[in-house]
Amino acid sequence: MDKQQPELNKQKSDRLNNLKQIEELKLDPFGQRFDGGQPIREALDAYQPKDESAPDKEGVPATVAGRIMTIRKHGKTAFLDIKDWTGKIQIYIKKNKVGEELFKLYELLDIGDIIGVTGELFKTRTGEVTIFAKQFTLLTKALAPLPEKWHGLQDVEMRYRKRYLDLISNDEAMKTFLTRTKILQRTREFFHKKGYVEVETPMMQPIPGGATARPFITHHNTLDMDLYLRIAPELYLKRLLVGGMEKVFEINRNFRNEGISTHHNPEFTMIEFYEAYADYHTMMDLTEELITSLAKELLPDLKIKYGEMELDLNSPWPRKSYMELFKKYSGLDWSEQEAVIKKAEELKIETKNKAYESIANDIFEKLVEPNLTGPVFVIDYPRAISPLTKSKKDNPDIVERFELFMAKMEIANAFTELNDPLEQRKRLEQQLKNRAEGSVSLDEDFLSALEHGMPPAGGEGIGIDRLVMILTNNPSIREVILFPTLRKLPKKTEKADLCKLKYKEK
RNA sequence: GCGCCCUUAGCUCAGCCUGGUAGAGCAGCUGAUUCUUAAUCAGCUGGCCGUAUGUUCAAAUCCUACAGGGCGUACCA
């Protein structure tokens, strides 16, 4: 039972046919360098007179390049909408303006093709700024059709798998990702202005540290050793503090081999920054200043709508203690161990083989966090769940740590860094003891770095993806990561059938 | 990991409850059209109804399994 290979999609074969005819006209269907183009936004702006009494700038020359989104044919004339990443402009093509030869090429154009156009700006009868084409050139023939012009690409899975189609056909997606790069750029500028330097530390680490997530393992053949994709850069950045780099930041990916959800992607972007001679109060001020300045550019009044929630980012942001919040929402004092454990069992929280602090923290996550619309700094955490943090002077069981919550999500986590090597060893050993077998060994080199003296410092990590979610009002982390982690498709994936076809002919 | 939901033309979606020859819009093709804009008008093409198994005279529709995806939940100091 040999099933016939399905025929090439009709639309694709039609386009292939157009391509052949273009080649017969001695034109290159995949184009050449195109000089002198301007962003479409700029062309549109060039037409609009600044003050309204000024006359329209009829006839201003314009040259743009972009993808054809729609074609409205009228016999010997046509209107095309072409789009680049700054905007969309209408092109008017008239047979007796561009000449017989070019008009032949126009007739072979398809939606999705990329063209370059030179002409003059004018306003149509209906008031749309348009380029009256004198000249145009095909820069790339598109052999596969675009998604539907009005609804765009809706299929969520395909939007993630074929992000290029999402970017072409959904303006909102493009906008989100351009905003994301803006946020990254502004963040870098912010830290540079504060005298920080950007550094890069290993993504592949022999001992994964700085957090407790399960790591991804890989293997180096020549060295014949296992390496772990980092779960955090923390321990390396602290080594730099020891080395005398006083203000450092790193923006890069972390990898955690845990579940996937609307708030979790296995690889995610984090900025971590460390400042010598500072503490967690310094970090709070810095964070508030940074996020406020990022938000101001997008939402000048600093009032953010995120889904159903409304966040007011105007300073000052409240700072509330962990213990206080615990009491407020659980109705129990953190020190009432028996009552707390009972409550945990009621809430179906796993309590076996778990440290008390970790059980209590589960309650915190379940009962308190859903109330933290924020922005709010939760400060002063229990020591046992914060092994890298310095204790408060007046209470060794509480540490100088805060987490920033926005829209019920943990956005940032920061400490006054623990710089006592003896205390640090104790804490890490304790942590290892509490963990299941098969956990990783102690990072002795990190401890010896501390023995050489790390200045008192404040340090922090901010989850960039989640911050972008909030600032662009996206409900899923997959909407702000260009290529989110997805399952591999089963054997029967869609083939790039045209490529095969072309290859066969040659 | 568990629960609920989704998968039909290149794209956006109906049809499924109540089994009986697979529908629309966009896109595409042919023709008309020298200021249209979700252009319009006339005609046409295009489906392994996610995959596999059942039940049935008959399955897009009902059952089961699997795959991919979404949401929720769990895990993730």
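None of these values were measured; they are calculated from a predicted model. The basis for the numbers below is simple: all heavy atoms, side chains too, and nothing from hydrogens, waters or symmetry mates. Chain letters run A, B, ... following the sequence lines, proteins first, then strands; residues in each count from 1.
In this structure, A:Lys366 reaches the B:A74 phosphate: one of its side-chain N or O atoms is under 4.0 Å from OP1 or OP2. Contact between the side-chain N/O atoms of A:Arg161 and the OP1/OP2 oxygens of B:G69 is found at a separation under 4.0 Å. Of the side-chain N and O atoms in A:Arg15, none sit less than 4.0 angstrom from OP1 or OP2 of B:G28. The side chain of A:Arg478 places an N or O atom within less than 4.0 Å of a non-bridging phosphate oxygen (OP1 or OP2) of B:C71. Contact check, A:Thr77 against B:U36: no side-chain N or O comes under 4.0 Å of OP1 or OP2. Considering only side-chain N and O atoms, A:Arg72 lies nowhere under 4.0 angstrom from the phosphate OP1 or OP2 of B:U40. A sub-4.0 Å separation between OP1 or OP2 of B:C76 and a side-chain N or O of A:Arg256 is absent.
As rounded to the nearest Å, B:U53 and B:A74 have P atoms that lie 39 Å from one another. Going from the P atom of B:C29 to that of B:G68 covers 37 Å, rounded to whole Å. Straight-line distance between the C1' atoms of B:C6 and B:C13: roughly 13 Å, to the nearest whole Å. Taking atom P on both B:G1 and B:A14, the two are 30 Å apart, rounded to the nearest angstrom. Atom P of B:G23 sits at a distance of 38 Å from the matching atom of B:G3, rounded to the whole Å. B:C63 and B:G54 are spaced 7 Å apart, taking the C1' atom of each and rounding to whole Å. Rounded to whole Å, the P atom of B:G47 lies 26 Å from the corresponding atom of B:A58. When the P atom is compared between B:C44 and B:U56, the two are found 42 Å apart, to the nearest whole Å.
If you check every strand for non-hydrogen atoms under 4.0 Å, A:Arg401 touches sugar and phosphate atoms only. Across all strands shown, A:Thr262 has heavy atoms under 4.0 Å from sugar-phosphate atoms exclusively, and none from any base. Using a 4.0 Å heavy-atom criterion, one finds that A:Pro382 contacts no nucleic acid atom at all. When heavy atoms are screened at a 4.0 angstrom cut-off, A:Thr124 is found touching base atoms of the nucleic acid. Nucleic acid contact class of A:Lys73 (heavy atoms, under 4.0 Å, all strands): base. Residue contacts shown for A:Tyr381 are absent, as no nucleic acid heavy atom lies under 4.0 Å away. Contacts of A:Lys88 with the nucleic acid, taken as non-hydrogen atoms under 4.0 Å apart, are absent.
When both pairing distances are held under 3.5 Å, B:C11 makes a Watson-Crick or G-U pair with B:G25. The partner of B:U36 is absent, by the rule that a Watson-Crick or G-U pair needs both atom distances under 3.5 Å. Across all strands shown, the partner of B:U30 is B:A42, judged by Watson-Crick or G-U wobble contacts whose two distances both fall under 3.5 Å. When Watson-Crick and G-U wobble pairs are counted only if both distances are under 3.5 Å, B:G68 pairs with B:C6. Nucleotide B:C48: unpaired (no Watson-Crick or G-U wobble partner with both distances less than 3.5 Å). Pairing for B:A60 is absent, with no Watson-Crick or G-U wobble pair whose two atom distances lie under 3.5 Å. The nucleotide B:C76 finds no pairing partner, because no Watson-Crick or G-U wobble arrangement with both distances shorter than 3.5 Å includes it.
Between the side chain of A:Asn395 and the main chain of A:Asp397, a donor-acceptor pair closer than 3.5 Å is present.
The closest side-chain heavy-atom distance from A:Ile470 to A:Met409 is below 4.5 Å. You'll find the side chain of A:Lys149 reaches within 4.5 Å of the side chain of A:Thr70, heavy atoms only.
The side chain of A:Leu486 has B:G70 as its nearest neighbour among B:A74, B:C29, B:G70. Taking only side-chain atoms of A:Lys10, from C-beta outward, the nucleotide of B:U36, B:U45, B:C76 with the closest atom is B:U45. Ranking B:G68, B:A38, B:G70 by closeness to the A:Glu157 side chain, first place goes to B:G68.
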Under a 4.0 Å heavy-atom criterion, the protein footprint on nucleotides 3-13 of chain B, written with B, S and -, is -------BBSS

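Aromatic rings of A:Phe79 and A:Tyr92 (six-membered ring for Trp) have centroids within the 6.0 Å cut-off, being under it. Ring centroids of A:Phe216 and A:Tyr228 are separated by 6.0 Å or more, keeping the two rings apart. Between A:Trp85 and A:Phe177, the gap from one ring centroid to the other reaches at least 6.0 Å.
With A:Asp166 as the partner, the salt bridge (Lys or Arg N to Asp or Glu O under 4.0 Å) test is satisfied by one option alone out of A:Lys175, A:Arg478, A:Arg159: A:Arg159.
Ring geometry, A:Tyr322 versus A:Phe326: the interplanar angle falls under 30°, so the pair is classed parallel (tilted spans 30 to 60°).
Nearer the 5' end of RNA chain B, as judged by each residue's closest nucleotide, is the contact made by A:Thr70, out of A:Glu258 and A:Thr70.
Under the salt bridge (Lys or Arg N to Asp or Glu O under 4.0 Å) criterion, the residue pairs touching residues 356-368 of chain A are A:Lys354-A:Asp362, with sequence neighbours excluded.
In this model, a side-chain donor or acceptor of A:Gln90 finds a partner on the base of B:U36 within 3.5 Å.
With sequence neighbours excluded, the residues that form a side-chain contact (heavy atoms from CB on, under 4.5 Å) with A:Ile111 are A:Arg15, A:Ile71, A:Leu146.
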